[in-house]
S.K.: 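Have a look at this one before I ask anything.
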Amino acid sequence: QLVESGGGLVQAGGSLRLSCTASGIIFRINNMAWYRQAPGKQRELVAVITSGSSTNYADSVKGRFTISRDNAKNTVYLQMNSLKPEDTAVYYCSVPHTGYWGKGTLVTVSS
C-alpha cells in the first residue's frame, strides 16, 4: 500500500513537500517514483529514485524538484520549489514496474 500526503493549494513561486509512505513491500530494495496527471493530460513521470538513491527527473522539473527517500520510515519525498501553475496535477507515488500505485494527492498552483 502506498499513501501520499502533502498536497494542497499554493501560490506560484511557493513550495510543497509531498510524502509517500509504503507498507507491505520491502521498501529499501525498491526503486520509487513520482508521477503526475494534469487535467485532460496523460500521466507523466516526474522523478525516480533508485534503491541506491540515484535520481532522475523530467526536464520540466529539473532544478526545482528533489526526490529523496528515508528507508527507516519507508517513505519517499518530493520537495517541490518554485512551483508554477503548470505543475498543477494529481501527484501519484509508484513502485515502478510492479503495478503498485497510491491514490494520489492534489497539488494546485495558483497564478
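Sequential numbering from 1 along the given sequence is applied to the chain's residues.
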S.K.: What are the two closest non-hydrogen atoms of Phe27 and Asp70, and how far apart are they?
M.R.: CE2-O, 4.0 Å
S.K.: Any luck finding a side-chain donor-acceptor pair between Ser15 and Asn81 under 3.5 Å?
M.R.: yes
S.K.: Is any side-chain heavy atom of Tyr100 closer than 4.5 Å to a side-chain heavy atom of Gln1?
M.R.: no
S.K.: Can you name the nearest heavy-atom pair linking Leu78 to Ala47, along with the distance?
M.R.: CD1-CB, 4.2 Å
S.K.: Measure the shortest side-chain to side-chain distance between Phe65 and Gln79 over non-hydrogen atoms and say whether it is less than 4.5 angstrom.
M.R.: no
S.K.: Who pairs with Ile26 by side chain to side chain contact (heavy atoms under 4.5 Å, CB included), at least two apart in sequence or on another chain?
M.R.: Arg28, Ile29
S.K.: Assigning hydrophobic clusters by single linkage (Ile, Leu, Val, Met, Phe, Trp, Tyr; side-chain heavy-atom cutoff under 4.5 Å), is Tyr35 placed with Leu16?
M.R.: no
S.K.: Among Val48, Asn71, Ile49, which residue satisfies the side chain to side chain contact (heavy atoms under 4.5 Å, CB included) criterion with Val76?
M.R.: Ile49
S.K.: At their closest point, which heavy atom of Arg64 faces which heavy atom of Asp87, and how far apart are they?
M.R.: NH1-OD2, 2.7 Å
S.K.: Can you pull the side-chain hydrogen bond (donor to acceptor under 3.5 Å, both in side chains) pairs that have at least one residue in residues 44-58, sequence neighbours excluded?
M.R.: Arg36-Glu44
S.K.: Would you indicate whether the side-chain heavy atoms of Thr21 and Lys73 approach each other to under 4.5 Å?
M.R.: no
S.K.: Kindly give the heavy-atom pair with the smallest separation between Leu9 and Ser110, and that separation in Å.
M.R.: CD1-CB, 4.3 Å
S.K.: What is the minimum heavy-atom distance between Glu4 and Cys93, and which atoms define it?
M.R.: OE2-N, 2.8 Å
S.K.: What I'd like to find out is whether the side chain of Asn30 reaches to under 4.5 Å of the side chain of Ile25, using heavy atoms alone.
M.R.: yes
S.K.: If hydrophobic clusters are built from ILVMFWY residues whose side chains come within less than 4.5 Å, do Val107 and Val90 share one?
M.R.: no
S.K.: How many angstroms lie between CH2 in Trp101 and OH in Tyr92, if you round to the nearest 0.5 Å?
M.R.: 9.0 Å
S.K.: Establish, for the pair Arg69 and Tyr77, whether the NZ or CZ atom is under 6.0 angstrom from the six-membered ring centre and no further than 45 degrees off its axis.
M.R.: no
S.K.: Could you state the interatomic distance from CH2 (Trp34) to OH (Tyr91), rounded to the nearest 0.5 Å?
M.R.: 10.0 Å
S.K.: Kindly write out the residues that satisfy side chain to side chain contact (heavy atoms under 4.5 Å, CB included) with Ser5, not counting sequence neighbours, or none if the list is empty.
M.R.: Ser19
S.K.: If you look at every heavy atom in Leu2 and Ser94, which pair is closest and at what distance?
M.R.: CD1-CA, 3.8 Å
S.K.: Are Thr108 and Thr88 linked by a side-chain donor-acceptor pair shorter than 3.5 Å?
M.R.: no
S.K.: With a 4.5 Å limit on heavy-atom distance, are the side chains of Asn31 and Val95 in contact?
M.R.: no
